[in-house]
Amino acid sequence: MSKEITSRSENYSQWYNDLVLKSELADYSAVRGCMIIKPYGYALWENMHAALDKMFKDTGHVNAYFPLFVPKSLFEAEEANAEGFAKECAVVTHYRLKADANNKGKLIVDPDAKLEEELVVRPTSEAIIWSTYKNWIQSYRDLPILINQWANVVRWEMRTRLFLRTAEFLWQEGHTAHGTKDEAIFEARQMLDVYADFVENFMAVPVIKGTKTANERFAGAEETYCIEALMQDGKALQAGTSHFLGQNFAKAFDVKFTDKNNKLDYVWATSWGVSTRLIGALVMAHSDDDGLILPPKIAPLQVVIIPIYKNDEQKNQITQKVNEIIKELKALNIRVKYDDNDNVRPGWKFAEYEMKGVPLRLTLGSRDLDNNVIEVARRDTKEKSTISLTTIVESVKDLLYQIQQNIFERAKEFQRLHITKVENWDEFINVLDNKTGFVSAHWDGTSETEEKIKELSKATIRCIPFDAVEEQGKCILTGKPSNKRVLFARAY
RNA sequence: CGGGAGGUAGUUCAGCCCGGUAGAAUACCUGGUUUGGGACCAGGGGGUCGCAGGUUCGAAUCCUGUCCUCCCGACCA
């Protein structure tokens, strides 16, 4: 395998692809648009999964699991939702294969095994879950229902990209039912905060919280809240969404409850999800031409230790010392690996672990052992320093913390430098074409204008930020009045 | 679904225009020397040239069809 990856500045897409493949996060599969998540990528996902799952449970949620298949009649019950997803659904029509009489050793779909009702492979689970909630909810005493599921979903997209848009992907989807509108809105906002907290504090990717415009809203939602992240090529990426679904699904699936006053009403709903797409965001937000840069909190490996020796005696001395260090690091729950593989040389290992984004590398040689020191190399800054063996464990702990902070600060600064206020159309296009990033501009609030801007510039309104300040201005396209700025960007 | 590029060893690719013994690098295996930034020497194994037809004495190479992948668009809750 070629060792070099494409440069970030030359071809960002190619660089991203190379990186995902060569860092062994994932691979292409034989199935169109699908992806194989390799053990290293899955270990990363497991760490993300664990952190998120804890946050969900800390906010009162429980996990459950619902079926992969959705009968078509259920799927079509909520019209807006069904219509939104209809053109990207995989559909099961038969339940059996049989030997092909004309072609020995081959199989054909058995025409006699046609399903009476087609099954849609879930692109999202609202339909199947709400048809279930109908049976679970009668009284306000049954509410709220705060359920999350970890699952795979299938969306037959025209064009796919590793992690960012695959035909099948892993995600979590929360589906909650509430007795009041306010409680449901609170839930949707709370979960958006959970996502922002996770993405910023674990993944070290800064995000902007806001509301989607009607055009960009989830099919079937009253309001969609989102977190938007910025990639190093200046394009935006939707990192997570949380929807206030109103009573749309309750009405579509006839989910009513009796309140304290013995009054019958439809329940209020939310749904929220993040997916393996976050891994794509992580890669594109931090990595450089030498490979991945992973934040310590979720890196599968936080520290790698590489020995340098000339003979078995030296190796044994080093290994003995390393084992002491590992024992202490493990006691602090630090994920550490000692790579004493004799088949590859140190230089090879250095490059390999840099490609994989391991935050800290310790190198211990006989020379160091004599001086009671060890070499420490940071992945984020590529700085190398020599540290006393006596305090190494404390130093590692400190450095991991510093790396986590530094990666976030760096990305935050990049984001700050790439939010540009513009006042007119020429500036708008100029920033999108040359500077890239988010563009903060006035918009007249209509779907038509939004659509027109998208057509002319390929930029979409990423969100109406929660912290947008009241300010009089004129729409960059129509000149009509506007009272706050929204964030535009070209996006993935 | 439109435009472009491609499918040959595990991987990256050359060979194709102009038909005639299946190639390189890298990876892998064996032995040895090495080991502080992707080592070196010697030897070795590995391929239905995407698939199906056709032309030809002969096809990786030419023709037709087909499937798949990547890139750029369109689509993307």
Side-chain angles (χ1 to χ4, degrees), chain A residues 1-6 10-18 20-22 24 27-35 78 80-89 103 122-127 153-162 164-167 169 171 173 212-221 224 226 237-238 240-243 245 271-273 275 277 290-291 306-312 314-315 318 339-355 361-369 371 373-375 377 382 384 386 454-455 458 460 490-492:
Chain A
M1 192 189 294
S2 143
K3 296 301 178 193
E4 275 78 45
I5 62 173
T6 313
E10 279 166 29
N11 182 336
Y12 197 81
S13 289
Q14 199 61 55
W15 165 79
Y16 171 79
N17 269 328
D18 280 1
V20 169
L21 299 175
K22 286 175 187 159
E24 306 215 309
D27 207 346
Y28 297 114
S29 85
V31 183
R32 197 206 88 99
C34 291
M35 176 180 69
E78 209 294 326
N81 186 253
E83 224 183 285
F85 285 106
K87 54 187 181 301
E88 54 193 39
C89 285
N103 210 340
R122 63 180 169 213
T124 179
S125 302
E126 271 80 2
V153 288
V154 170
R155 295 179 188 181
W156 214 264
E157 303 283 359
M158 282 301 184
R159 185 166 168 213
T160 57
R161 288 164 165 278
L162 294 167
L164 299 180
R165 186 170 296 111
T166 45
F169 57 92
W171 76 345
E173 47 182 327
K212 285 288 188 195
T213 61
N215 280 7
E216 301 276 327
R217 199 174 284 155
F218 175 72
T224 289
C226 65
L237 182 79
Q238 178 177 299
T241 47
S242 177
H243 317 286
L245 302 173
S271 71
W272 27 275
S275 70
R277 170 180 248 209
D290 292 321
I306 295 171
I308 293 174
Y309 51 86
K310 298 203 192 316
N311 53 51
D312 280 354
Q314 290 187 352
K315 184 178 177 181
I318 292 165
D339 189 348
D340 64 346
N341 177 359
D342 202 24
N343 295 321
V344 291
R345 294 162 42 129
W348 194 93
K349 294 176 187 172
F350 295 168
E352 176 71 9
Y353 290 107
E354 272 159 22
M355 177 67 79
R361 181 185 75 231
L362 308 185
T363 311
L364 188 62
S366 292
R367 202 169 74 193
D368 303 313
L369 218 46
N371 297 323
V373 294
I374 188 165
E375 185 189 87
K382 303 209 76 177
K384 285 194 266 197
T386 303
K454 184 178 174 182
E455 207 181 299
K458 289 182 179 136
T460 49
R490 292 190 178 135
Y492 280 98

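Chain letters run A, B, ... following the sequence lines, proteins first, then strands; residues in each count from 1. None of the values given here were measured: they were computed from a predicted structure.
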Closest approach to the side chain of A:I308, judged atom by atom: which nucleotide of B:C75, B:G37, B:G36 is it?
B:G36

What's the CE-C1' distance between A:M158 and B:C70, to the nearest Å?
17 Å

Considering only the C1' atoms, how many Å lie between B:A22 and B:C63, rounded to the nearest integer?
23 Å

Atom-pair distance (OH on A:Y492; P on B:C75), nearest Å
17 Å

C1' spacing across the pair B:G19 / B:U26, given as an integer number of angstrom:
30 Å

Do A:Y28 and A:N17 make a side-chain contact, defined as non-hydrogen atoms from C-beta onward lying under 4.5 Å apart?
yes

So what does A:R277 hit on the nucleic acid, given a heavy-atom distance under 4.0 Å: a base, only sugar-phosphate, or nothing?
nothing

Between A:K349 (side chain) and A:N341 (backbone), is there a donor-acceptor pair under 3.5 Å?
yes

How far does the C1' atom of B:G46 sit from the matching atom of B:G6, given to the nearest Å?
24 Å

In whole angstrom, give me the gap between the C1' atoms of B:G47 and B:C28.
15 Å

For A:T363, answer base if it contacts any base atom (sugar-phosphate contacts may also be present), sugar-phosphate if it contacts only those atoms, and nothing otherwise; contact means non-hydrogen atoms under 4.0 Å.
base

Looking at A:F350, does the NZ or CZ of A:R361 lie under 6.0 angstrom from its six-membered ring centre and within 45 degrees of the ring axis?
yes

For B:A14, the Watson-Crick or wobble partner whose two distances fall under 3.5 Å
none

Under 4.0 angstrom, heavy atoms only, what part of the nucleic acid is A:Y28 near: base, sugar-phosphate, or nothing?
sugar-phosphate

Return the value, rounded to whole Å, for the distance between atom CZ of A:F85 and atom P of B:C75.
17 Å

Return the nucleotide paired to B:A42: Watson-Crick means purine N1 to pyrimidine N3 with N6-O4 or O6-N4, wobble means G-U with N1-O2 and O6-N3, both under 3.5 Å.
B:U30

Distance check, P atoms only: B:G31 and B:C17, in whole angstrom units.
45 Å

Atom pair distance, as rounded to whole Å: CG in A:L362 and C1' in B:G37:
16 Å

Does any nucleotide pair with B:U66 by Watson-Crick or G-U wobble geometry, both distances under 3.5 Å, and what is it?
B:G50

Atom-to-atom span, CD of A:E455 to P of B:A74 - whole angstrom:
11 Å

G-U wobble or Watson-Crick pairing nucleotide for B:G2 (cut-off 3.5 Å, both distances):
B:C72

Minimum-distance nucleotide (side-chain atoms of A:Q14 versus B:C70, B:U35, B:G37):
B:C70

Nearest to side-chain heavy atoms of A:P346, which nucleotide of B:G37, B:C71, B:U35:
B:U35

State which residues pass salt bridge (Lys or Arg N to Asp or Glu O under 4.0 Å) with A:D290; sequence neighbours excluded, sorted by chain then number.
A:K382

Can you figure out which of B:G36, B:C75, B:G73 approaches the side chain of A:K458 most closely?
B:G73

Interatomic distance at P, B:A24 relative to B:C62, whole Å
23 Å

Any heavy-atom pair between the side chains of A:P123 and A:V153 that's under 4.5 Å?
no

Atom pair distance, as rounded to whole Å: CE in A:M35 and P in B:C68
20 Å

Please tell me which of A:K349 and A:P123 maps to the more 5' nucleotide of RNA chain B, matching each residue to the nucleotide holding its nearest heavy atom.
A:K349

Rounded to whole Å, how long is the line connecting atom CZ of A:R345 with atom P of B:C40?
8 Å

Judged by modelled atom types alone, do A:T460 and A:E216 share a side-chain donor-acceptor pair under 3.5 Å?
no

Over all strands shown, is A:N81 touching base, sugar-phosphate only, or nothing at heavy-atom distances under 4.0 angstrom?
nothing

Among the candidates B:G38, B:G36, B:C75, find the nucleotide nearest to the side-chain atoms of A:E375.
B:G36

Please confirm whether the shortest side-chain N or O distance from A:N17 to OP1 or OP2 of B:C71 is below 4.0 Å.
yes

When you compare B:G3 with B:G65, how far apart are their P atoms, in angstrom units rounded to a whole number?
14 Å

Which of the following nucleotides, B:U35, B:G37, B:G38, is nearest to the side chain of A:E352?
B:G38

Starting at CH2 of A:W348 and ending at C1' of B:G37, how long is that distance when rounded to a whole Å?
13 Å

Given the C1' atoms of B:G44 and B:A59, what is the spacing between them in whole Å?
31 Å

What contact category does A:G365 fall into here, base, sugar-phosphate, or nothing, at under 4.0 angstrom with non-hydrogen atoms?
base

Contact class for A:R367 (heavy atom, under 4.0 Å): base, sugar-phosphate, or nothing?
base

Once you measure the plane-to-plane angle for A:Y12 and A:W15, does it fall in the parallel (<30°), tilted (30-60°) or perpendicular (>60°) bin?
tilted

For B:A60, which nucleotide is its Watson-Crick or G-U wobble mate, given both distances must be under 3.5 Å?
none

Any strand counts, and the cut-off is 3.5 Å on both contacts for Watson-Crick or G-U wobble. Which nucleotide pairs with B:G36?
none

In terms of side-chain heavy atoms of A:R361, which of B:G38, B:G37, B:C75 is nearest?
B:G37

Under the side-chain hydrogen bond (donor to acceptor under 3.5 Å, both in side chains) test, residues paired with A:Y492 that sit two or more places apart:
A:D233

Could you say whether A:K87 or A:N343 is positioned toward the 5' end of RNA chain B, judged by the nucleotide with the nearest heavy atom to each?
A:N343

Taking atom types as they are modelled, is there a donor-acceptor pair under 3.5 Å from the base of B:G37 to the side chain of A:K384?
yes

